[in-house]
Amino acid sequence: MRPARRLTLTEDVYSSVQALIMDHAVAPGARINIDALARDLEVSPTPVREALARLEADGLVRKRPLAGYTAAPLLTREEFEELVEMRLILEPPAASRAAAVAAVPGVDRLRAEADLPDPRPAGEGYTGIAAFTAQDARFHHLLAELSGNRMLHEAVVRLRSHLHLFRLHFPPAHYGISADEHHRVVDAVAAGDPDAAAAAMRAHLTAARERHLPYFGRAS
């Protein structure tokens, strides 16, 4: 096992580089200079390389032979719609299954994750919304886990949808509304109503789509 200090350093560097990419301090499509980034963060290149490997798995950076790492481009309108479509394929059935099989302790955990933290003061960039996006992801990932289908859970996690969506922009309309929509899903799961759980998740994802659409300049 690596020393705890090294683990903490690696995690800190990962969070720092992730924030640079989410805030576009590293522009979409830009080449990432590992040595320069290490100097800026005052660390050796090793934890930077480890962070970039994780971010490649997240889909936030890309690695090409002989060219190194570049920041992934932003989602296009077509890719955004494909992401929403994929979530609609996966997550309503996950909610339905969770309603059919979730035990009371699982529902309690889900309800705890349904509430979302308030944003921090404006001007902090991704740092100000990081806690919100992380808990939002935990809610959706936990719901998929409670479906009891491991492959379904893994598919939802692999989408890394929250990172990609909130890299575009962060609609203020998400505050408060997303948590309310989460709780409608939880209530249906707690009631053991698969159809209502699926419908509540579908409504949540569709509403979230509408909140993001203004970024693309048109709503249809």
Side-chain angles (χ1 to χ4, degrees), residues 11 14-16 18-24 55 58-60 74-75 80 83-84 86-88 90-99 102-147 152-191 193 196-215:
E11 189 63 34
Y14 168 79
S15 297
S16 296
Q18 181 191 62
L20 291 171
I21 293 171
M22 295 292 287
D23 284 334
H24 300 183
L55 291 164
D58 291 341
L60 291 179
L74 296 179
L75 292 177
F80 168 73
L83 176 59
V84 173
M86 191 66 178
R87 294 187 71 184
L88 286 168
L90 295 171
E91 296 195 52
S96 177
R97 287 180 59 88
V104 173
V107 174
D108 290 343
R109 289 167 57 207
L110 190 64
R111 195 177 298 281
E113 298 291 0
D115 286 320
L116 297 169
D118 292 330
R120 290 164 63 178
E124 293 194 19
Y126 179 67
T127 300
I129 64 169
F132 182 104
T133 59
Q135 186 155 333
D136 193 28
R138 285 197 301 271
F139 173 80
H140 287 270
H141 296 171
L142 176 58
L143 182 62
E145 179 184 336
L146 293 177
S147 74
L152 178 55
H153 173 238
E154 290 171 2
V156 170
V157 171
R158 278 199 304 270
L159 281 178
R160 303 292 196 274
S161 56
H162 298 76
L163 289 175
H164 300 299
L165 290 177
F166 295 127
R167 188 177 173 225
L168 294 170
H169 70 144
F170 191 83
H174 275 303
Y175 299 134
I177 296 176
S178 288
D180 290 342
E181 293 167 356
H182 285 180
H183 278 287
R184 294 188 190 105
V185 176
V186 177
D187 289 343
V189 171
D193 189 333
M201 178 55 74
R202 189 174 298 108
H204 170 48
L205 296 176
T206 301
R209 171 186 178 274
E210 296 302 315
R211 291 193 286 269
H212 278 285
L213 276 175
Y215 168 83

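In what follows, every heavy atom counts, from backbone to side chain, and hydrogens, waters and symmetry copies are set aside. What you are looking at is a predicted structure, and each value in this text was computed from that prediction instead of being measured.
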Looking at [X] and [Y], what are the two nearest heavy atoms and their distance?
| X | Y | answer |
| --- | --- | --- |
| A144 | A94 | CA-CB, 4.1 Å |
| A98 | V189 | O-CG1, 3.9 Å |
| G106 | L146 | O-CD1, 3.5 Å |
| A198 | S96 | CB-CB, 4.1 Å |
| V156 | E91 | CG2-CG, 4.2 Å |

Euclidean distance, [Y] [atom2] relative to [X] [atom1], rounded to 0.5 Å:
| X | Y | atom1 | atom2 | result |
| --- | --- | --- | --- | --- |
| L60 | L20 | CG | CG | 11.5 Å |
| L205 | R87 | CG | CZ | 5.0 Å |
| H140 | M201 | NE2 | CE | 5.0 Å |
| F139 | S178 | CZ | OG | 10.0 Å |
| L75 | L83 | CG | CG | 6.5 Å |
| R97 | L143 | CZ | CG | 11.5 Å |

Sequence-distant partners of R160, side-chain hydrogen bond (donor to acceptor under 3.5 Å, both in side chains), two or more places apart: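 Partners of R160 by the side-chain hydrogen bond (donor to acceptor under 3.5 Å, both in side chains) criterion, ordered by chain and then number, come out as D58.
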
Answer whether the closest heavy-atom distance between the side chains of [X] and [Y] falls below 4.5 Å.
| X | Y | value |
| --- | --- | --- |
| E145 | R109 | yes |
| F80 | R209 | yes |
| T206 | L88 | yes |
| Y215 | L165 | no |
| R111 | D187 | yes |

Chi angles and distances behind the side-chain hydrogen bond (donor to acceptor under 3.5 Å, both in side chains) call for H141, H162: CA-CA 11 Å; H141 296 171; H162 298 76; 4.8 Å; no

Under 3.5 Å donor-acceptor, T133 side chain and A130 backbone: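 Yes, because the side chain of T133 sits within donor-acceptor range (under 3.5 Å) of the backbone of A130.
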
Pairing of R211 and E181 as salt bridge, 4.0 angstrom limit: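 E181 and R211: salt-bridged.
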
Ring geometry between H212 and F166 (parallel below 30°, tilted from 30 to 60°, perpendicular above 60°):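 Rings of F166 and H212: tilted, as their planes differ by 30° to 60°.
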
Qualifying residues under salt bridge (charged side-chain N to carboxylate O under 4.0 Å, His left out), relative to D115, sequence neighbours excluded: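 So D115 forms no salt bridge (charged side-chain N to carboxylate O under 4.0 Å, His left out) with any residue.
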
Qualifying residues under salt bridge (charged side-chain N to carboxylate O under 4.0 Å, His left out), relative to R167, sequence neighbours excluded: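 Per chain and number, R167 pairs via salt bridge (charged side-chain N to carboxylate O under 4.0 Å, His left out) with no residue.
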
Ring centres under 6.0 angstrom apart (Y126, H24):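 Judged by ring-centre distance (under 6.0 Å), Y126 and H24 do not meet the cut-off.
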
Test of ring centre spacing under 6.0 Å for H183 and H204: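 No, they do not, as the ring centres are separated by 6.0 Å or more.
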
